[in-house]
Undergrad: 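A single structure is presented below for examination.
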Number of protein chains: 2
Amino acid sequence: MPRQVDHASRRLLIAEAVCRLADERGLEGVTLRDVAARAEVSMGAVQRCFRTKEEMLVFALGHVGEQVAARVRARLIRSPAQSAATALGHAASEFALLRDEHRAEARVWLAFLAQAAISAPLAEILKTNYAALEESFTHLITTAAATPDPPIPLNPHHEARTLLALADGLTTHVLLGHLTPPEAETVLHTHLANLWTA
Amino acid sequence: MPRQVDHASRRLLIAEAVCRLADERGLEGVTLRDVAARAEVSMGAVQRCFRTKEEMLVFALGHVGEQVAARVRARLIRSPAQSAATALGHAASEFALLRDEHRAEARVWLAFLAQAAISAPLAEILKTNYAALEESFTHLITTAAATPDPPIPLNPHHEARTLLALADGLTTHVLLGHLTPPEAETVLHTHLANLWTA
DNA sequence: ATCGTTCCGATGCAGTTGCATCGGAACGAA
DNA sequence: TTCGTTCCGATGCAACTGCATCGGAACGAT
């Protein structure tokens, strides 16, 4: 066996570079040369890891999706939630990428979102991610609605969709500067609060 | 006075071409040559109307924004609303671009949204558009909340923001195929219905 | 008819792009 | 060590990009 290289970790390295570039200049500013430079590998290495540019982008999007999902999960575990309702608040707030330190991630997400409207493979990945998130939210809402006495009559699946769309919209509006992160946070939490009092 | 050309209408013609291309291939697939071909003018003509490509894109975005705003306005006038509440429902549904025939417009909107995260001039235009929409919604909500007896205690400005973000998120999710247009429509209208019963 | 101005379309150009190619370095097996 | 395989980095290349340029067509004033 000749020289062997850890492809998996190199792919991750490249995906990170793609994200940093997408954050700075948008997805159309991502070129193979720049990615290679940013990842501090040669272009040849990039080409060996991914046959085409699109393959690289698809992998990078998958990576971002996992990061977001992981953060939501981590948040749920870290604060084991006095109640499902607060857990839901934490998860939604985490997903909405409202905090400044997630601004880069949010921009990458938006860039991929727009690209997915054109590229079917990207859209497929995003759909999978959204479906998973929707299910998580549905589950939390179901629990939260059943907890109090009397239970709150809600359509969990439906509310999960609402929450997901609202969070996405808020992320976008914060990125544009139409809302500030605290404003968006307020909107999000008021919406959740209204759920339990409706 | 030598040969004169209607610049304004030509700019509109070109903006339309930009939109059709952005719908098909995304904003990064929009090149001066293709725009010229699609608008059935020469590249020279495009260059005379807009000094740079960015200037062209900015104008095109302004055009789209006006179209959307005009549709919302038209909808409000066409059905002079038995109540402010139903008027709001119509306006929001119009803005969310959920119907199939607005799919192209929604894709263009999303493409510009992503670009605006990179380009300050584009972001400026979008912010203006959103601010105007937010004010319209605020006004409608104020009226709707004051109509019944007793009045409904709401923060109109706040609810307008929520509605705007929700509509945007729904548009995105429909474009991705995560939701179908009817599903999104249901989410939107349920949210509105909950407003008046909260 | 002639002129002067405005506009047009074609072409040129330097810079980038994604991808293909290839000689040689790196490394494990013998 | 020697060989065989795998990987690497540089380079090449055709296509495409936005923008500049320019000769001439179109057209109103004279």
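Order of the sequence lines fixes the chain letters, A, B, ..., with proteins taken first and strands second; residue numbering starts at 1 for each chain.
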Undergrad: Describe the nucleic acid contact of B:Val46 in one word from base, sugar-phosphate, nothing, applying a heavy-atom distance below 4.0 Å.
TA: nothing
Undergrad: Which whole-number value in Å describes the distance from B:Glu40 CD to C:dG9 C1'?
TA: 15 Å
Undergrad: I need a per-nucleotide contact map over nucleotides 11-16 of chain D, read 5' to 3'. Cutoff is protein heavy atoms under 4.0 Å; write B for the base, S for backbone only, - otherwise.
TA: -B----
Undergrad: Quick one: B:Leu27 CG to D:dT17 C1', roughly how many Å, whole number?
TA: 16 Å
Undergrad: What is the separation between atom CD1 on B:Ile14 and atom P on C:dG9, rounded to the nearest whole Å?
TA: 11 Å
Undergrad: Closest nucleotide of DNA chain C for A:Lys53 versus for B:Ala45: which of these residues is on the 5' side?
TA: B:Ala45
Undergrad: Would you find more than 12 non-hydrogen atoms of other residues, nucleotides or ligands less than 6.0 Å from B:Glu101 atom CD?
TA: yes
Undergrad: Whole Å only: how far is the CD atom of B:Glu28 from the P atom of C:dT17?
TA: 12 Å
Undergrad: Tell me yes or no: between the side chains of B:Glu134 and B:His157, is some donor less than 3.5 Å from an acceptor?
TA: yes
Undergrad: A:Glu94 and side-chain hydrogen bond (donor to acceptor under 3.5 Å, both in side chains): which partner among A:Arg75, A:His102, A:Arg73?
TA: A:Arg75
Undergrad: Any sub-3.5 Å donor-acceptor pair from B:Glu16's side-chain atoms to B:Leu13's backbone N or O?
TA: no
Undergrad: Using OP1 and OP2 only, check whether a side-chain N or O of B:Arg48 sits under 4.0 Å from C:dC8.
TA: yes
Undergrad: Please give the nucleotide sitting opposite D:dA10 as a Watson-Crick or G-U wobble pair, both distances under 3.5 Å, or none.
TA: C:dT21
Undergrad: Go nucleotide by nucleotide along DNA chain D from the 5' end; which of A:Ser42 and B:Arg51 gets its closest nucleotide reached first?
TA: A:Ser42
Undergrad: Could you give the CZ-to-C1' distance, from A:Phe50 to C:dA20, as a whole number of Å?
TA: 19 Å
Undergrad: Which base, if any, makes a Watson-Crick or G-U wobble pair with C:dA26, both distances under 3.5 Å?
TA: D:dT5
Undergrad: Starting at atom CG of A:Leu57, determine the distance to atom C1' of C:dT17, rounded to an integer number of angstrom.
TA: 14 Å
Undergrad: If you look at every strand shown and take non-hydrogen atoms under 4.0 Å, does A:Val35 touch a base, only sugar-phosphate, or nothing?
TA: nothing
Undergrad: From C-beta outward on A:Leu32, which listed nucleotide comes closest to its side chain: D:dC19, C:dC19, D:dG9?
TA: C:dC19
Undergrad: Just do the side-chain hydrogen bond (donor to acceptor under 3.5 Å, both in side chains) check on A:Thr171 and A:Asp168 with the steps written out, would you?
TA: CA-CA 5 Å; A:Thr171 306; A:Asp168 248 358; 4.7 Å; no
Undergrad: Would you check if A:Arg99 and A:Pro181 make a side-chain contact, meaning some heavy-atom pair closer than 4.5 Å?
TA: no
Undergrad: Output yes when A:Arg38 and A:Glu24 qualify as a salt bridge under the 4.0 Å nitrogen-oxygen rule, no when they do not.
TA: yes
